[in-house]
Protein chains: 2
Amino acid sequence: MPTEAKTAARPRHRIKISDVADALGMTKGTVSRALNGYPDIAESTRLKVHRKAEAMGYRPLAQAQGMRTGRTRTLGLVLQTDIPGAERPFLSDFLAGITQAASAENWTLTVATSAGGAAMEQTLERLVHERKSDGFILPRTRVRDGRAELLKRLEVPFVLFGRVADDSGCAWFDILGEEAMAEAVERLRVLGHRRIGFVGGAPEYNFAPLREAGFRRGLEAAGLPLDEALILRGAMLREEGARATRRLLSLEAPPTAIVFAVDLAALGAYDAARDRGLAIGRDLSVISYDGIPEGSWAQPSLTTFGVDSHLAGERLAGLLIRRIRGEAPEELRETAKARLLAGGSDGPPNLTSEDLAARISAALHDPSRPQEGE
Amino acid sequence: MPTEAKTAARPRHRIKISDVADALGMTKGTVSRALNGYPDIAESTRLKVHRKAEAMGYRPLAQAQGMRTGRTRTLGLVLQTDIPGAERPFLSDFLAGITQAASAENWTLTVATSAGGAAMEQTLERLVHERKSDGFILPRTRVRDGRAELLKRLEVPFVLFGRVADDSGCAWFDILGEEAMAEAVERLRVLGHRRIGFVGGAPEYNFAPLREAGFRRGLEAAGLPLDEALILRGAMLREEGARATRRLLSLEAPPTAIVFAVDLAALGAYDAARDRGLAIGRDLSVISYDGIPEGSWAQPSLTTFGVDSHLAGERLAGLLIRRIRGEAPEELRETAKARLLAGGSDGPPNLTSEDLAARISAALHDPSRPQEGE
DNA sequence: CTTGTTTCCGAAACCGGTTTCGGCAAGAGT
DNA sequence: ACTCTTGCCGAAACCGGTTTCGGAAACAAG
């Protein structure tokens, strides 16, 4: 092995394409075409080149490739920072999913943050203009999403996490929240509930109408009557959920169970129930959606549908890479199901709607109880 | 303005340095040197170039610059994914802080994830090797941190979020957790507590010995006796905190207050107290550190010290950029203070240590109470 | 044996910047 | 007036890849 000494790997010198070419007695152009699968390279040569490159540990420099090709094997993710209680607990898993799928193909992820609206579009344009990323993952879609429309105009590849009203030209991945909502209704029906309320999310987000539709379909499938008075919308935060719950409970015939589109809002139901002396899971059942950790620590723990953020990140990254490589957006649409996380917040109805109304009325007139928020 | 029509900005053609040079009748080399402050450019020329470049909206392409310079104005952040309950709630703010400071200087952030140990070092080396980032932010420092040692060897710039035992050659930013711990002791002393316990974090993390030292200094400053039996370590999770609390409460002379190094562990104290029929904030006071949202939703809300993750991100990004630009690591060390978030988990001691012991003993022999976890 | 195709690869231009080198012109020195 | 600096900028090489172009060799057809 003494003859190896001269040709041995030199300390810390990136080996470049010309090193591989020299070792093979070819030119770098040939090596490049061989590695990139050009048709004018003999099969035997292609094999030799691949083997040698592998053996020498050659890794093309993405930025050098990008000079000519305009692409740098980089995914972009722009997080919106001005949303109060948004997706914080899952971000870490989500990022892990994205980067894991990306690095399997030797791609990387650049993350930017921005407020919504015009600032968001500026940020996207800057990243495209400076070629900092070849395409984008857009989380939290709105029914009509300005980011998607902008990127369509700029002809920049992107994939949505969540659907949109007009998904022409859009690749997307989404969790079937509507199925979860329907399943929640069915679960409550089996438990014996007949009057079931619904508290939806902010209607500008695309998931909100979908989950509401899922709830309605669930009622229908369960053969339960639909009462529009039991359907509220726009609750994204704990206080908003509490307020909506109070409204539902103050009806003449209050629901014995409520399905929430958002966990954070569902936790508000705990506050409202406490005010009225109701026990969650017995006097009032709650099923929700998101799977935030706070839900599992609540007393009783929240029955909810969890989303696998890691999986979502993986799938989105995979779709985006394929989109950037040229596949049609219509071919790049996937879904996944939410998983039920059974907790203690739902159970057989302890009271009828009438008894419930009486209990609530009594509790609100009992001066020994603490004042409620609103 | 009709004459403008011909020279008006053409649709979506990045303007490059040669465009600026042509507009000025100079060569691109001259423009480049003018923009980068080379000394062999006349002041008048430099001004003209800067003005024209600004007017034309010229933005150098980081990857093209990187070809020659080896740097692409990119910060790197590698998140460790195999830690159970780590820093999830703050990640969004932290990223926002980093990217905000970075984009102010036209830098961007690439995020990778990795398990710890060897996988982490591979990930770092890959990013360096492929020039995907010019330097790294390393969160969650350990007392002896392999990542820092690796990057020192590779001569890659980095900045630590947290200190390390041997910080030679290390730039860092840290929150003064030790001061917070001392302040917690002082606060408890003022409330009237005399026997105060401490539950520290896992000793491999650098913050753990620091916070313990702060607790000890706090005791000394308050003139309170030190009892080694009241000091436990290694609690990072809720169950671990509950276990540690049970140990402290089962002492012959239990503490009337406990200072925790980590919020998650402090929430375990709630579980342990419930088992023994103790009211947090009255029978047992708790002060902790981190400021996780779960703390503010606990009953009673947790008194803790919050860290400003957004600020931390900003400062770290700023330090790293300066480090990459060549400043000495010894000049790049900053600290910030944690901020007290007063809750309801601390108050004047309701019982003496002896009474507390009696209450606990009674509760544990009451068969009507539910079984405890351990 | 010549001519016309194919197959396959070398040579060189190119991407958008940075940096080195050398030379012209103005100012300084004698 | 002539040289010697010095200041300032143009020309060209360079970074590490990709892609175009053209031609040599191999093969097929006549």
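In what follows, every chain begins at residue 1, and chains take the letters A, B, ... in the order their sequences are listed. Just so you know, these numbers use all the heavy atoms, side chains as well, and skip hydrogens, waters and symmetry mates.
A residue-by-residue look at B:Ile41 and A:Leu35 shows that B:Ile41 has its nearest nucleotide of DNA chain D further toward the 5' end.
Phosphate contact (OP1/OP2 of C:dG16, side-chain N/O of B:Lys16, threshold under 4.0 Å): present. Taking side-chain N and O atoms only, B:Arg14 has a distance below 4.0 Å to OP1 or OP2 of C:dG17. The phosphate of C:dC9 (OP1 or OP2) has no side-chain N or O of A:Thr30 nearer than 4.0 angstrom. The shortest distance between the side-chain N/O atoms of A:Tyr38 and the OP1/OP2 oxygens of D:dT20 is not below 4.0 Å.
Atom-to-atom, CD of B:Gln63 to P of D:dG17 comes out at 14 Å; the value is rounded to the nearest Å.
Heavy-atom minimum distance, B:Arg131 versus B:Gly66: NH1-O, 4.2 Å. In this structure, A:Ala112 and B:Thr99 approach most closely via the heavy-atom pair CA-CG2, 4.0 Å.
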Inset, instruction - Take B:Glu149 and B:Arg144, measure what side-chain contact (heavy atoms from CB on, under 4.5 Å) needs, and give me the verdict at the end. - result: CA-CA 9 Å; B:Glu149 291 169 6; B:Arg144 186 158 178 281; 3.4 Å; yes
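Side-chain proximity of A:Asp40 to the nucleotides D:dG17, C:dT18, C:dC9 is greatest for C:dC9. For B:Arg68, the listed nucleotide lying nearest its side chain is C:dT18; candidates were C:dT18, D:dG16, C:dC8.
Using a 4.0 Å heavy-atom criterion, one finds that B:Ser32 contacts the bases of the nucleic acid, with or without backbone contacts as well.
Side-chain N/O atoms of B:Thr108 and A:Lys132 include a donor and acceptor closer than 3.5 Å. Donor-acceptor pairing under 3.5 Å is recorded for the side chains of A:Glu314 and A:His310.
A donor-acceptor contact under 3.5 angstrom links the side-chain atoms of A:Arg33 to the base of C:dG10.
Residues A:Thr45 and A:Leu24 form no side-chain contact, since every pair of their non-hydrogen atoms from C-beta on lies 4.5 Å or further apart.
End-to-end axis angle for the helix from C:dC1-D:dG30 to C:dT30-D:dA1, using five pairs per end and rounding to 10°, comes out at 50°.
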